[in-house]
Amino acid sequence: MADDSLAKQLARLRVRAGNPSLRELEKLTDRQGRRMSRASIQDKFSGTSGLKMVQVLALVRACAEYAHSIGAPLPPEDTDEQIWQEKASRPNEPKKRHVVEPPRGTDRKASQTQKPGDPSDLEALIPPLINAGMDDILNLVRQGAGQPLKNWLPSVVAALGYAHMDYQGFLNIAAHAPPGQIVEILESIADDGPENIGNRYFQTCLLAQHPSEIPKLLVALRRAEGELTFWYAHNFVDAILGKGDWLGGTRPDLADVLRALRAATLKDDADKLAENIGLHAWPRITLATAGAIPEAFIGDRELILHSGSQGGPHRLLKLIDCLKKEQIQGLESHRALEYLLTAVPTGKHADYSRILYDAGMKSEARRLLELEKEIPF
């Protein structure tokens, strides 16, 4: 192998392996349990970010597996992990971004603006590290107190994640960081740890940040212009609602989040969130959010309720059931019920009516049939 930079050697290995795409390499590293985002992989090959030994080996294995899958396996000397370990551990390789101990006296601007870990909060998280014999991580935490979170927290939560220990307490400490620094922490976690840690941190931030900070976080993610940050911005709605694989819960002040998005002229994001609140949020949260919108059935209130009716007869049934059983502040039950019924899609009234009738909601079922006759053709 050539004796120039490690990044260039890895780039040549990729070419010899059949030049697998970044997407393929992302999948292959994920299969190893060492997932690296496409943006991070690109940075490693281009030499724009430091290489850690675990990342080097993950990319070597991924290239070897890809070459084997296309019927052109690499020579053993090209994928000898001992050789690559020696190269990754050479002192002349660029490692300044591989943070083992929080650097002191560097990144002064970040140190002045980032909210550091509160030593009293960190002390409460130390006993499990002692009990698990993680002395190196314990030292990293203690040295990190008062330092920028991005310098040490990703390495800590990654180590805990790989050890199958609880790391939520550390994520909670970092959940109130400024939006720009949340992006940096997310990118660092993606480099160091399993994907689920970054996802949990992102959702923790969405549930903990003040509503006015949510638009700033979304914009910061998009301005970072990386595939990873774009992916988080794209999944913002699912994460904040706890939808699909995002199982961290839903914040109760979604109306305030909607108003903050509107105030930042993030119309598409606000529309998408309002629609998904109607379609997927718990019925009580859906109706409470609609009731917290001050406009009388215009704007987001209208969009939320309309989407709820568009979500199918069983979704409508759950919303009506909640509306009849609970007093929702800000909503007049009769008026809200009438709006839900009038928002049923054209041509679906009979199907909806039958399901409501079978569920014992006979008056609502009859009203749907009446509305069908009132629709002009």
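Sequential numbering from 1 along the given sequence is applied to the chain's residues. Source: prediction; values computed, not measured.
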Legend entry - Side-chain donor/acceptor of Q55 to backbone N/O of K44, under 3.5 Å: no
Inset, instruction - Look at atom NZ of K272 and say whether more than 12 heavy atoms of other residues, nucleotides or ligands are closer to it than 6.0 Å. - result: yes
Inset, instruction - Take atom CG of N131 as the centre, draw a 6.0 Å sphere, and report whether it contains more than 12 heavy atoms from other residues, nucleotides or ligands. - result: yes
Inset, instruction - Check whether any side-chain N or O of S353 sits under 3.5 Å from a backbone N or O of A350 as a donor-acceptor pair, and report yes or no. - result: no
Inset, instruction - Please assess L149 against Q181 for the test side-chain contact (heavy atoms from CB on, under 4.5 Å), listing each intermediate value before the final yes or no. - result: CA-CA 8 Å; L149 294 169; Q181 289 158 29; over 6 Å; no
Legend entry - Neighbour count >12 (heavy atoms, 6.0 Å) for atom OH, Y357: no
Legend entry - Straight-line distance of L59 CG to F45 CZ, nearest 0.5 Å: 5.0 Å
Inset, instruction - Please report the shortest heavy-atom distance between P154 and V157, naming the atom on each side. - result: O-CG2, 3.4 Å
Inset, instruction - Indicate the atoms forming the closest heavy-atom contact of G242 with Q203, along with that distance. - result: CA-NE2, 3.7 Å
Legend entry - Beyond-backbone contact of E213 with L217, side-chain heavy atoms, under 4.5 angstrom: no
Inset, instruction - Return the minimal non-hydrogen interatomic distance between W152 and Q147, and the atom names on each side. - result: NE1-O, 3.6 Å
Inset, instruction - May I ask you to check if R222 and F230 form a cation-pi contact, with NZ or CZ under 6.0 angstrom from the six-membered ring centre and within 45° of the axis? - result: no
Inset, instruction - Starting at CZ of R16, measure out to CG of L74 and round the result to the nearest 0.5 Å. - result: 7.0 Å
Legend entry - Under-4.0 Å salt bridge between R354 and D351: yes
Inset, instruction - Nearest 0.5 Å please: distance from the NE2 atom of H349 over to the CD atom of E370. - result: 11.0 Å
Legend entry - Donor-acceptor pair, side chain of T79 and main chain of A64, under 3.5 angstrom: no
Inset, instruction - Would you please test R14 and L25 for side-chain contact (heavy atoms from CB on, under 4.5 Å) and show each step? - result: CA-CA 10 Å; R14 178 189 179 188; L25 291 170; 4.0 Å; yes
Inset, instruction - Supply the atom-to-atom distance L356 CG to I320 CD1, rounded to the nearest 0.5 angstrom. - result: 5.0 Å
Legend entry - Within one Ile-Leu-Val-Met-Phe-Trp-Tyr cluster: L279 and V344, side-chain cutoff 4.5 Å: no
Inset, instruction - Could you grab the distance from atom OH of Y352 to atom NE2 of H314, nearest 0.5 Å is fine? - result: 10.0 Å
Inset, instruction - Check whether any side-chain N or O of R301 sits under 3.5 Å from a backbone N or O of A290 as a donor-acceptor pair, and report yes or no. - result: yes
Inset, instruction - Is it possible for you to say whether I355 and L368 belong to one hydrophobic cluster, with membership spreading through side-chain heavy-atom contacts below 4.5 Å? - result: yes
Inset, instruction - Tell me yes or no: between the side chains of E187 and T229, is some donor less than 3.5 Å from an acceptor? - result: no
Legend entry - Least distance between heavy atoms, P215 atom then A260 atom: CG-O, 3.4 Å
Legend entry - R38 side-chain N/O to E227 backbone N/O, donor-acceptor pair under 3.5 Å: no
Inset, instruction - Could you grab the distance from atom CG of L153 to atom OG of S188, nearest 0.5 Å is fine? - result: 9.5 Å
Legend entry - Candidate pair R315 and T286, rule side-chain hydrogen bond (donor to acceptor under 3.5 Å, both in side chains), full reasoning: CA-CA 11 Å; R315 176 63 174 172; T286 296; 2.9 Å; yes
Legend entry - Sidechain-backbone polar pair: E184 side chain, K150 backbone, donor-acceptor under 3.5 Å: no
Legend entry - W246 side chain near N199 side chain, heavy-atom distance below 4.5 Å: yes
Legend entry - Side-chain heavy-atom pair T250, L207 within 4.5 angstrom cut-off: no
Legend entry - Flag, side chain of W84 to backbone of L57, donor-acceptor distance under 3.5 Å: no
Inset, instruction - Take the angle between the ring planes of F202 and Y232 and call it parallel below 30°, perpendicular above 60°, tilted in between. - result: tilted
Legend entry - Non-hydrogen side-chain atoms of K324 and E364 separated by less than 4.5 Å: yes
Inset, instruction - Look at the side chain of S40 and the backbone N and O of S37, then say whether any donor-acceptor pair between them is shorter than 3.5 Å. - result: no
Legend entry - L287 vs L305 side-chain heavy atoms within contact, under 4.5 Å: yes
Legend entry - Non-hydrogen atoms of P211 and D253 that approach each other most closely: CG-OD2, 3.2 Å
Inset, instruction - State whether R262 and D271 are salt-bridged, where the test is any N-O pair (Lys NZ or Arg NE/NH1/NH2 against Asp/Glu carboxylate O) under 4.0 Å. - result: yes
Legend entry - Nearest heavy atoms of I137 and A159, plus distance in Å: CD1-CB, 3.5 Å
Inset, instruction - Report the residues that fulfil salt bridge (charged side-chain N to carboxylate O under 4.0 Å, His left out) with D256, sequence neighbours left out, ordered by chain and then residue number. - result: R259
Inset, instruction - Find out whether W282 and K318 are in side-chain contact, i.e. whether some heavy atom of one side chain is under 4.5 Å from a heavy atom of the other. - result: no
Legend entry - Y201 and F170, any side-chain heavy atoms less than 4.5 Å apart: no
Inset, instruction - Would you check, one step at a time, whether the test side-chain contact (heavy atoms from CB on, under 4.5 Å) holds for L140 with S155? - result: CA-CA 9 Å; L140 188 56; S155 297; 3.8 Å; yes
Inset, instruction - Indicate whether the side chain of N139 and that of Q143 have a donor and an acceptor atom separated by less than 3.5 Å. - result: no
Legend entry - Pair R31 + E26, salt bridge at N-O below 4.0 Å: no
Inset, instruction - Flag the pair E338 and R335 as a salt bridge only when some basic side-chain nitrogen lies within less than 4.0 angstrom of an acidic carboxylate oxygen. - result: no
Legend entry - Donor-acceptor contact present, side-chain Q209 to main-chain A175, <3.5 Å: yes
Inset, instruction - Decide yes or no on side-chain contact (heavy atoms from CB on, under 4.5 Å) for I197 and Y167, but give the supporting numbers first. - result: CA-CA 9 Å; I197 296 182; Y167 48 77; 3.6 Å; yes
Legend entry - Min side-chain heavy-atom separation I277-D300 under 4.5 Å: no
